[in-house]
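Within every chain, numbering begins at 1; the chains are lettered A, B, ... in the order of the sequence lines, protein sequences first and strands thereafter.
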Amino acid sequence: MMSNGYRTGLTALALGLGLSALAVPAMAQVKIAFIDPLSGAMAPIGEHGVKHFQHMIEKINAAGGVNGQKMELLTYDNKLSPQETVIAAQKAIDAGARVLTLGNGSGAAAAMIDFVNKHNERNPGKEVVYLNYAAVDPAFTNDKCSYWHFRWDAHSDIKMQALTSYIKTQPGIKKIYLINQDYSFGQAVRKAANEMLKAKRPDIQIVGDELHPLAKITDFAPYIAKIKASGADTVITGNWGSDISLLLKASADAGLQVNYYTYYAGGAGGPTSVKQTGLKDKVFQITEGLANINTKENFAWEEDFRKKSAGHGWWYPRVRNEMDMLAKAMNEAKSNDPKVFVEKLRGMKYKDIYGKDTYMRAEDHQFFQNIYISALTPMAGDMKFDEENTGWGWKLTATVPMGETDVPTSCKMAKPS
Amino acid sequence: MLELVIFSTLNGVLYGMLLFLLASGLTLIFSMMGVLNFAHASFYMLGAYFGFQISQWLDFWVALFVAPVCVGLVGAAVERWGLRTVHKWGHVPELLFTFGLAFVIEEMVQMIWGKLPVDYRVPRLLDFPAFELFGTTYPAFRMFMLLISVAIFLVLLMILTRSRIGLIIQAALTHPNMVAMLGHNVPKVFMMVFGFGSGLAGLAGVIAGPALVTQPSMAHVLGPILFVVVVFGGLGSLPGAFIASLMIGLIQTFAIAINYSIGDLLSTVGMARPVQGMLSDLWQVTVAQVGPVVPYLMLVLILIFRPTGLMGTRES
């Protein structure tokens, strides 16, 4: 995303100084450090993340906090850069935080895991823990797994496992075109799609396997011409940010009516462009939850949050899971020390907002939950929430139960002594 | 196959013409003042946002005429009260000034219109497929963009080569002192050219906004490629910029359509494709993947072998 690092860098500097000054110490004693891009092209996503964590911390504090203490959020801007992430993490630790959370960008997340491992080795008795709410590179809970890292989002292989399980039940899908961004995440999506489709639906033909530069394309029309020429009926893409909106827009212009299975069509600006394109019931998203799952608790939660965030939805059901489970672990362990409560998080069972069972796998610290496939469509039936005031919302298409996405792990976790 | 060739040509020409609209203003400014205007793509973004705002209040067709004028006025003001003051200290401060200006414009756009893309739509009158070929439609709005760009190119060419103003501008490019001696107000000419160049960028923004996505990062996606066009075509050369724009548009678009890699080439002549070892990835990289980098490669090569660019005449 950060092709022009210098540009983002300078703006970020100005903003970052302002933002970290905002973290005024209150009555709180348990500090949670939120580190994510709060400037540059990814800023809307980071800022919306802050609102999620603030909301959760308000709820936890209203319910009495943890071990009689209140939680407090410190926010840091990492400008989506691994170096800045490490600097921010050090600052957060100096400010007294022992729980660090970071989501966007697998590059930043990798740097964070590395940093936390080293920090804990060098500072016994002052261990910190990294809670990952969005970076989905599968390596983090496989080869690069760490005792001090926990992930609540389903990683990209799990999502692909869920998607291919669904595709297995759709005989109409015959020719698939893959288009992804040319970096670690896009390549992981492409690799998993190739392998899993071959295993589950060998009859499906993969008619295209495209990688394009990240956030550099101004017009996707040439790619659409290629997809059209390939005769594909379905496109699978991990694209996010402007790359997904431009892709969908170009598709509508060319009158290309294929199904899109996406990871991130729901991101900032995504639904607006799907609506503009008129791709009704054609754009799907694979997520761990959505606003329109009809349970009383979920609807009430969504409504409450939208009031506070100018109509923007609860994008990350996983933030609720993460913070709830953190509070639970701290309370059960009767300690706010990572070294003690981490043991409670490992293997923890939890009921999510939809009333479903979920758990944190102890072997690799990967969270498992139902995965949902939904389509963007005009509001109808029991749908309650639209996106970005478009009058279109996500409608549940399929639920892939937790058991079907149990991908094996190669993690060999060394438990620190 | 034929289908892909036709659509790639259309898309390539369209992208090239859009680049030309932006580059023509930039190349004029560049050659006159010796300043690489880093904020040029920001004027393009301003054009898109002004176009969006005016079409919200009034109508797209009003925006088409009013928004570029507004951007042009902003540009002229920037030259008059910004660049001209900074000019005293030489080229580097000028360059830094435009560099800073790009950030300021981006921040202001974010403050006024927010960080999310805005809902800037194709006008209803042009919201239909122009024609259908092999089952793929080509939107009327894209044809409209193409026609506008071609028309602007012709008008620009006429003004520069056939009119009195063009004569003065051309002369000011190469012999500013002589033109001043003859009684022309050179600083005023500079201001007009800067304003006009910005206005052209604004016009590109107004027509590209609905077709692409109008968002605060749109400037820095197009920024770097503009410099390639200007340098490749040759400083101050309008035909050079035109040829470079079209070349880059077509090369990028056609590259995307080509799926072959060096490995494929080797296997067609009967050699085994290396799958192991340090460089194994290199053989798998397709032309499509490197397509977007090709213009920058062209930039490097032209700087080495023909520093003045394709049709440039002046050294600096």
Side-chain angles (χ1 to χ4, degrees), chain A residues 1-4 6-11 14-15 39-45 47-48 182 208-213 215-230 241-243 245-246 248-250 252-256 267-270 272-273 275-276 310 312 388-390, chain B residues 1 3-4 6-8 10-12 14-15 18 38 99-100 102-103 106-107 110 114-122 129 132 134-139 141-142 208 210-213 215-225 252-257 259 285-286 288-293:
Chain A
M1 200 78 191
M2 303 292 97
S3 67
N4 293 359
Y6 58 88
R7 182 188 292 260
T8 347
L10 286 184
T11 10
L15 266 173
S39 57
M42 289 287 282
I45 293 177
E47 277 175 5
H48 202 45
D182 199 357
D209 186 355
E210 189 87 45
L211 287 173
H212 67 78
K216 289 251 179 8
I217 311 286
T218 31
D219 185 4
F220 273 88
Y223 291 95
I224 294 295
K226 215 170 153 185
I227 295 174
K228 182 81 209 318
S230 75
S242 59
D243 284 340
S245 12
L246 288 171
L248 293 170
K249 208 162 183 167
D253 276 348
L256 178 65
T272 304
S273 49
K275 163 82 187 294
Q276 278 186 359
H312 292 296
E388 300 180 345
N389 301 318
T390 53
Chain B
M1 195 59 208
E3 165 189 3
L4 200 59
I6 291 174
F7 279 102
S8 294
L10 270 173
N11 286 325
L14 178 68
Y15 182 56
L18 203 60
F38 272 96
F99 189 71
F103 290 108
E106 187 174 328
E107 279 305 314
Q110 288 190 357
K115 291 176 174 175
L116 299 179
V118 294
D119 188 14
Y120 186 10
R121 300 208 188 163
V122 170
E132 193 178 316
F134 312 106
T136 302
T137 55
Y138 204 78
F141 191 73
R142 279 176 177 260
L212 311 173
V213 172
Q215 57 187 0
S217 63
M218 65 194 290
H220 77 218
V221 173
L222 267 183
I225 198 86
Q252 279 206 1
T253 312
F254 272 96
I256 287 166
N259 265 338
V285 173
T286 60
Q289 265 171 280
V290 295
V293 194

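The side-chain heavy atoms of B:I6 and B:Y138, taken from C-beta on, include no pair separated by under 4.5 Å. Between A:F220 and A:L248, the closest side-chain pair of non-hydrogen atoms is not below 4.5 Å.
Neither the backbone nor the side chain of A:H48 comes within contact range of chain B; no heavy atom of the residue lies under 4.5 Å from a heavy atom of that chain. A:L256 does not touch chain B: none of its heavy atoms, backbone or side chain, sits under 4.5 Å away. Residue A:K249 touches chain B through its side chain alone, counting heavy-atom pairs closer than 4.5 Å. Interface residue B:A211: only backbone heavy atoms are found under 4.5 Å from chain A. For a residue to count as touching a neighbouring chain, one of its non-hydrogen atoms must lie under 4.5 Å from one of that chain's; by this rule B:S8 does not touch chain A.
Per-residue counts of heavy-atom pairs under 4.5 Å with chain B were compared for A:D253, A:L211, A:D182; the largest is that of A:D253. The greatest number of non-hydrogen atom pairs below 4.5 Å with chain B, out of A:A254, A:G255, A:P213, A:A252, is found for A:A254.
A:T390 and A:K275 get closest at one heavy-atom pair: O-NZ, 2.9 Å. The nearest pair of heavy atoms linking B:F38 to B:A102 is O-CB, 4.0 Å. Considering every non-hydrogen atom in both B:N11 and A:P222, the closest pair reads ND2-N, 3.9 Å. Of all non-hydrogen atoms in B:I256 and A:E210, the two that sit nearest each other are O-OE2, 4.2 Å.
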